[in-house]
Number of protein chains: 2
Amino acid sequence: MTPLSPETPDSSAAQRVLDAAERLFYSRGVQAVGIDMVVADAGVGLKTLYAHYRSKDRLVEAYLRRLNQRFLDRLQARMAHLQGRDQVLAVFDALGDWFAEPEFSGCAFINVAGELHTNPAARAIAREHKQSLRALLQRAARAAAVTDPDTLADRLMLLVEGAVVTAYVEGDEHAAVRARSAAAALMDCARPAHCDDVPSRAADRLQ
Amino acid sequence: MTPLSPETPDSSAAQRVLDAAERLFYSRGVQAVGIDMVVADAGVGLKTLYAHYRSKDRLVEAYLRRLNQRFLDRLQARMAHLQGRDQVLAVFDALGDWFAEPEFSGCAFINVAGELHTNPAARAIAREHKQSLRALLQRAARAAAVTDPDTLADRLMLLVEGAVVTAYVEGDEHAAVRARSAAAALMDCARPAHCDDVPSRAADRLQ
DNA sequence: CTTGACGGGAAACGCCCGTTCTCTAGACTC
DNA sequence: GAGTCTAGAGAACGGGCGTTTCCCGTCAAG
């Protein structure tokens, strides 16, 4: 079937395109990067790109989907061997490592949401990504043995999003450690009785 | 000097341009809105726009600067007549009202930061906006009579940013009330002794 | 060696953008 | 009423975009 090209089996051309798209879209923004730049960086022809991804919008969607999967996988791997509230704190340690990377350019999903007001598919993927992250935080919150894990997860989500935005917009690498200390404070002294009037997002979803 | 045009004195043409730019840039994104669309919406000619704002980048900067001023003014007005921790909670009440507006499209400064990776001036204005908001939260935190107002302000800032992003990306209007309850919890049981190892951002700035 | 599929390179197409320039109509000054 | 200035309408220009199409060279199959 597939000829033994100078490339590995499967279609590594598609991989190279997606790698280049990820690098360029994330660092420069989706709208600022043209198809020509992607194919030049990937070392493929335009025909190859359009054979695997039928349009730029589809390429953006594939970029976001793979990023979502890898983000969640890596985060879960960092939390897998931890117990209790350490699982929660590990999320913020991971954020700190991320913010310190020189290529850090904020959250790709937030950026795309703010950039592509017109592309509903991309915005849907961004929403799904946030919901997956929220679910991951809910599992961690349950492991932290607090009385109201869903409320804690909602608050942790706010801290995570706030830390990412602060690290990016303000260029503040220490946002993660501050969010970590805030998360610890919330776990230390969360009094769920204080928040009975505030519906948790998980409760909303069940309605 | 100025002839008695069908417009009010001062240059109301510049105002109309800025109004149109704000409406369009905020709702559709800066890159998705062309100059032609702005002048059509403002009912002026291209020459008028370029006479008052010498380029699209300058127009974007003027748009962000006016939005920053109005945002801070309105927020301060809502907090002026309140005392103590009510000043802090009023911030999140204001967020709730904002999120409920049908035109709500997230934080313009976050959107611009994610959209215009190439425009340093716009990103600088976004950073200044966040720093102004942080200073406002610091004043409110001092009024809340907590032991470490700067740390509290840092944490409130994370909650505010997280709420805005969550309300926008996830379409969750209730993010503000959840952030409000988290802020109340942090004010209730903040134990500054727990956070001595975490430098506050205000401390960073003084170094 | 011939054939044919594959894929990179690049031209071409139609469209939109930011910016500049020209034309024209109206209103104020004198 | 003639002159002058303002400002809107729109053409023009150079450039970039997403997408399609064509031209080749390369390499496996027969």
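- At the heavy-atom level, B:V33 lies under 4.0 Å from the strands shown only through sugar-phosphate atoms.
- One can place NE2 of A:H52 at 17 Å from C1' of D:dT19, the figure rounded to the nearest angstrom.
- Atom NZ of A:K56 is separated from atom P of D:dC17 by 8 Å (rounded to the nearest Å).
- Annotation: the span from A:N111 atom CG to B:N111 atom CG amounts to 9.5 Å, rounded to 0.5 Å.
- Residues A:L46 and A:L49 each lie close to DNA chain C; by heavy-atom proximity, the contact nearer the 5' end of the strand is made by A:L49.
- A distance-only check finds a donor-acceptor pair linking the side chain of B:Y53 to the backbone of B:A14 [under 3.5 Å].
- Donor-acceptor pairing under 3.5 Å, judged by distance alone, is present between the side chain of B:K47 and the base of D:dG8.
- Taking only side-chain atoms of A:S55, from C-beta outward, the nucleotide of D:dT19, C:dG18, D:dG8 with the closest atom is D:dT19.
- Residue B:T48 places its side chain closer to D:dG8 than to any other of D:dG8, D:dG18, C:dT20.
- The aromatic rings of B:F109 and B:H129 sit parallel, their planes meeting at an angle under 30°, below the 60° perpendicular limit.
- Between A:Y53 atom OH and C:dG7 atom P the separation is 13 Å, expressed in whole Å.
- One distance of note links CZ of A:F104 with CD of A:E173; it measures 10.0 Å at 0.5 Å rounding.
- When the P atom of C:dA11 is taken as reference, atom CD1 of A:I35 falls 19 Å away, rounded to whole Å.
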**Report entry** Derivation and outcome, side chain to side chain donor-acceptor pair (under 3.5 Å), residues A:R155 and B:S181
**Finding:** CA-CA 9 Å; A:R155 295 173 173 182; B:S181 87; 3.1 Å; yes
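- Residue A:A32 is the one, among A:R54 and A:A32, whose nearest nucleotide of DNA chain D lies closer to the 5' end (criterion: closest heavy atom).
- As rounded to whole Å, 11 Å separates atom C1' of D:dC17 from atom CD of A:Q31.
- Whole-Å rounding puts the A:L24 CG to D:dG18 P distance at 12 Å.
- Rounded to whole Å, atom C1' of C:dC16 lies 9 Å from atom CG of B:D36.
- Taking atom OH on B:Y50 and atom P on D:dA12, their separation rounds to 18 Å, with Å as the unit.
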